[in-house]
J.: 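Sharing a structure here in structure tokens format.
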Amino acid sequence: MTTRTPLMAGNWKMNLNHLEAIAHTQKLAFALADKDYEAVEVAVLPPFTDLRSVQTLVEHDKLKIKYGAQDISVHDGGAYTGEISGPMLAKLRCTYVAIGHSERRQYHGETDELVNAKVKAAFKNGITPIMCVGEELEVRDAGNHVTHTLAQVEGGLKGIPAEQAETIVIAYEPVWAIGTGKVCGAEDAQEVCAAIRGKIAELYSQEVADKVRIQYGGSVKSGNVAEIMGQADIDGALVGGASLDADEFVKIVRFRDQ
Ligand SMILES: O=C(CO)COP(=O)(O)O
């Protein structure tokens, strides 16, 4: 069994301008110590307009915080107004990019096919995808949450070779738990995360499945993170609202102390 380093990532969504981003990242860096980074990988996913500022701060001050984007274009360049390409994100030395977040699926009509194309664009540019999956409330109420989520996993990974698949991060984010304060019970989250790992084993191999990090996302806070992280197949959290409060995010990184 491989030991997977937990990944705590803050998805800032459309919050914090570039000046606020600098102040917030500095606050995180000031609070986090070497022992935190030894135990947990810490990342922030700011809006595109903040990335250059965050990069400059991280590189200048040699911070151990990783950063990434919230979306990526399927195209490498050209006449695609408003899009941001993989080469642009790679030039900013983004480690991660969130792909297929439920807010993008819901408000921008992103399909599994598009998510798959974006996963390919990320890998092509040397950026690790954090591929988001998860069911809406009606799907859970109907008891189809596992089937629904596994179909998203399979669709998103289509044509991705094992060497790339083993490095991906998958974030299980039940839509009904996002920003609602309704956290998915730790055992319910584990059920789906274990099924995701099983699907990866089926698509690739157990060895690949053991390497993939699976995060939980949806109303994660310092008060519930320890129980979630106590589950065998949960390797981190994708944190929305609580990541905008530096003290709270630091507590989440230190989930072992909660
Ligand atoms: O969507 C999320 C992270 O990507 C979760 O958001 P909240 O933590 O605000 O529920």
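None of these values were measured; they are calculated from a predicted model. Values below: all heavy atoms of this structure, side chains included; hydrogens, waters and symmetry mates excluded. Remember, it's 1-based here, ligands and their atoms both numbered in the order they're listed.
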J.: Indicate whether any N or O donor in one side chain lies under 3.5 Å from an N or O acceptor in the other, for Tyr172 and Glu135.
T.: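 Yes, because at least one side-chain N or O of Tyr172 sits under 3.5 Å from a partner of the opposite role on Glu135.
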J.: Record the part of Ala98 in heavy-atom contact with ligand 1 below 4.0 Å; permitted values are side chain, backbone, both and neither.
T.: neither
J.: According to a 4.5 Å side-chain heavy-atom criterion applied to Ile, Leu, Val, Met, Phe, Trp and Tyr, with indirect links allowed, do Val40 and Tyr96 form part of one hydrophobic cluster?
T.: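 Shared cluster, no.
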J.: Do other residues, nucleotides or ligands put more than 12 heavy atoms under 6.0 Å from the CD atom of Glu59?
T.: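 Atom CD in Glu59 is packed in, count exceeds 12.
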J.: Begin from the C-alpha positions of Val42 and Leu32 and carry the test side chain to side chain contact (heavy atoms under 4.5 Å, CB included) through to its verdict.
T.: CA-CA 9 Å; Val42 184; Leu32 292 167; 4.0 Å; yes
J.: Considering the heavy atoms of Ala177, write down every atom of ligand 1 situated less than 4.0 Å from one of them.
T.: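 Those qualifying, in numeric order: 10 (O).
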J.: With a 6.0 Å cut-off (strictly less than), is the heavy-atom count around CD of Glu227, excluding the residue itself, greater than 12?
T.: no
J.: Scan Asp233, Val212, Val153 and name whichever one has a side-chain contact (heavy atoms from CB on, under 4.5 Å) with Ile196.
T.: Val153
J.: I want to confirm something. Looking only at heavy atoms, which of Lys13, Gln215, Lys182 is nearest to atom 6 (O) of ligand 1?
T.: Lys13
J.: Per the side-chain contact (heavy atoms from CB on, under 4.5 Å) rule, which among Met229, Glu41, Gln215, Arg254 passes with Met8?
T.: Met229
J.: Would you mind checking which non-hydrogen protein atom is closest to atom 3 (C) of ligand 1, with the distance to 0.1 Å?
T.: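 Answer, as residue, atom name and distance: Glu173 OE2, 2.8 Å.
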J.: For atom 8 (O) of ligand 1, grab the closest protein heavy atom and report residue, atom and distance to one decimal in Å.
T.: Gly240 N, 2.9 Å
J.: Can you pull out the closest protein heavy atom to atom 9 (O) of ligand 1? Residue, atom name and distance to 0.1 Å, please.
T.: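 Result for atom 9 (O) of ligand 1: Gly241 N, 2.8 Å.
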J.: Looking at ligand 1, does Cys132 have a heavy atom less than 4.0 Å from it?
T.: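 The answer is no, since Cys132 has no heavy atom less than 4.0 Å from ligand 1.
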J.: Could you grab the distance from atom CG of Asp50 to atom CG of Leu57, nearest 0.5 Å is fine?
T.: 11.5 Å
J.: Just which atoms of ligand 1 are under 4.0 Å from any heavy atom in Gly179?
T.: 7 (P), 9 (O), 10 (O)
J.: Using heavy atoms and a threshold below 4.0 Å, how should the contact between Leu238 and ligand 1 be classified: side chain, backbone, both, or neither?
T.: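 Looking at Leu238 and ligand 1, atoms from backbone and side chain both fall under 4.0 Å.
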J.: What atoms of ligand 1 come within less than 4.0 Å of a heavy atom belonging to Gly218?
T.: 5 (C), 10 (O)
J.: Give a yes/no verdict on whether any heavy atom in Ala242 is under 4.0 Å from an atom of ligand 1.
T.: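 In this structure, Ala242 fails to qualify as a contact of ligand 1 - no heavy atom is under 4.0 Å.
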J.: Going by the order shown, which atoms of ligand 1 are within less than 4.0 Å of some heavy atom of Asn11?
T.: 3 (C), 4 (O)
